[in-house]
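Here's the structure we're looking at; comments come further down.
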Amino acid sequence: MALLPDITDFYGAGDEATRLTSGRTLGTLELLRTRELLRSRLPAPPASVLDVGGGPGVHARWLMDDGYRVVVVDPVERHVRQARAQGLTALVGDARQLEQPDGYFDAVLLLGPLYHLPDARGRARAWQEAHRVLKPGGLVAAAAINRYIRLLDLGADDGPEVATTGFRVRRDGPTSYCHGPEELGEEAAQAGLTHAEVFGVQGPASAALMREERRTGRKEDLGPEVLARAMAAARCADSHPALAVTSVHLLVLACRPSGCPQQDRSVLGVCAAAGEQQRGREQEHACQAQGRTRAE
């Protein structure tokens, strides 16, 4: 199974290793938010994690540092070499046809494949493969580009088209498929996953951050205060699902049923309760902080 040539060319020539770690506020925000959302739901280390489409290992690296047993699978050979250089176990592979055995991993990450598979059948196959290699009761975390975000970007002339079709054809990169929040949850359900929750990753500050980058002409660090406010807004939005459409990226967290409803409720309840308590504290502090900022 071959990827579209523009995808392999783009990642073969680009530097995906620094996209989230260069100091650019949008990238830092995506990294930190993805990390905290995953930590709120992942089983405890040393659980096994398959990072499908994990690129050069940006997320796999912190997962390994947290004590997880991580395997990276990526179709780009350069990414595999970069991941291995960090001490990660990494293999060349395709999300639609994984070589890993059935029911082996405690968690599967799909943080890149879905938006690089414009064909619905290809995405369905990636979901099915994630389900297959996941242990009963395990977690799938899948990221997507939000199809509505460009409606909030007055500098984008393709907002209505992307929102309607889901396809974004770029001049400077590969064609992407963009999801709506409901669609993302439906794809997870069609693969046999349950208890899906969809979150906005970067949150409501996404459009403002993109606008500021366009105004200054620089993709850079906008300062710790801006990052803190963006994080607070994203955390506050977690308790308001309708606000997911204001984020550049979406993240769905869903589980493979164990076959025992009582066990599913127990496992998911413990996992969800810990996550809800943590997010509840963070959201309360975030909303209070925003209230103070408005008052000032």
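In this structure Thr216 satisfies the side-chain contact (heavy atoms from CB on, under 4.5 Å) test together with Glu212, Arg218, sequence neighbours excluded. Ala60 is linked by a side-chain contact (heavy atoms from CB on, under 4.5 Å) to Asp51, Val70, Val72, Leu88, counting only residues two or more places apart in sequence or in another chain. Shown here are the side-chain contact (heavy atoms from CB on, under 4.5 Å) partners of Asp106, two or more places apart in sequence or in another chain: Pro43, Ala47, Ser48, Arg69, Lys135. Every residue was checked against the salt bridge (Lys or Arg N to Asp or Glu O under 4.0 Å) condition with Glu186, not counting sequence neighbours, and none meets it.
Under the 4.5 Å side-chain criterion, counting only non-hydrogen atoms from C-beta, Asp66 is in contact with Arg39. A 4.5 Å side-chain heavy-atom check between Val226 and Leu209 finds at least one atom pair inside the cut-off. Between Arg121 and Arg96, the closest side-chain pair of non-hydrogen atoms is not below 4.5 Å. In this structure the side chain of Leu253 reaches within 4.5 angstrom of the side chain of Leu38, judged on heavy atoms. Annotation: side chain of Leu32 is in contact with side chain of Met231 (closest heavy-atom distance under 4.5 Å). Side-chain contact between Ser206 and Ile149 is present, with heavy atoms from C-beta onward closer than 4.5 Å. Contact check for Ile145 versus His249: side-chain heavy atoms found under the 4.5 Å cut-off.
With rounding to the nearest 0.5 angstrom, the CD atom of Gln202 is 12.0 Å from the OG1 atom of Thr25. The CZ atom of Phe105 sits 15.0 Å away from atom OH of Tyr68, with the distance rounded to the nearest 0.5 Å. With rounding to the nearest 0.5 angstrom, the CG atom of Leu134 is 7.5 Å from the CG atom of Leu193. Residue Leu227 holds its CG atom at 9.0 Å from CG of Leu222, rounded to the nearest 0.5 Å.
Using a cutoff of 4.0 Å between basic side-chain nitrogens and carboxylate oxygens, Asp153 and Arg214 are scored as salt-bridged. Ion pairing between a basic and an acidic side chain is recognised when a charged N comes within 4.0 Å of a carboxylate O; Glu161 and Arg168 show no such pairing. A salt bridge between Arg33 and Glu36 is present, with a side-chain N of the basic residue lying under 4.0 Å from a carboxylate O of the acidic one. Between Arg123 and Asp119 there is no salt bridge, since no side-chain nitrogen of the basic residue lies less than 4.0 Å from a carboxylate oxygen of the acidic one.
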Intermediate values then yes/no, side chain to side chain contact (heavy atoms under 4.5 Å, CB included), Leu50 and Val133: CA-CA 9 Å; Leu50 182 64; Val133 302; 3.9 Å; yes
Under the salt bridge (Lys or Arg N to Asp or Glu O under 4.0 Å) rule, what do Asp221 and Arg24 come out as? Steps first, then yes or no, please. CA-CA 4 Å; Asp221 183 358; Arg24 177 190 178 192; over 6 Å; no
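Residue pairs meeting the salt bridge (Lys or Arg N to Asp or Glu O under 4.0 Å) criterion with at least one partner in residues 137-147, sequence neighbours excluded, are Arg147-Glu183.
Counted within 6.0 Å of CG on Leu91, heavy atoms from surrounding residues, nucleotides or ligands total more than 12; the atom is thus considered enclosed. A 6.0 Å sphere centred on CD of Gln128 holds more than 12 heavy atoms belonging to other residues, nucleotides or ligands. Surrounding CD of Glu99 are at most 12 heavy atoms belonging to other residues, nucleotides or ligands under 6.0 Å away.
A donor-acceptor pair shorter than 3.5 Å cannot be found between the side chains of His79 and Glu16.
Ring pair Tyr177/Phe167 is perpendicular by interplanar angle, where above 60° counts as perpendicular and below 30° as parallel.
Hydrophobic clustering, defined by side-chain heavy atoms of Ile, Leu, Val, Met, Phe, Trp and Tyr closer than 4.5 Å, groups Tyr148 together with Leu151, Val245.
Checked by atom type and distance alone, the side chain of Ser247 never pairs as donor or acceptor with a backbone atom of Ala244 at under 3.5 Å.
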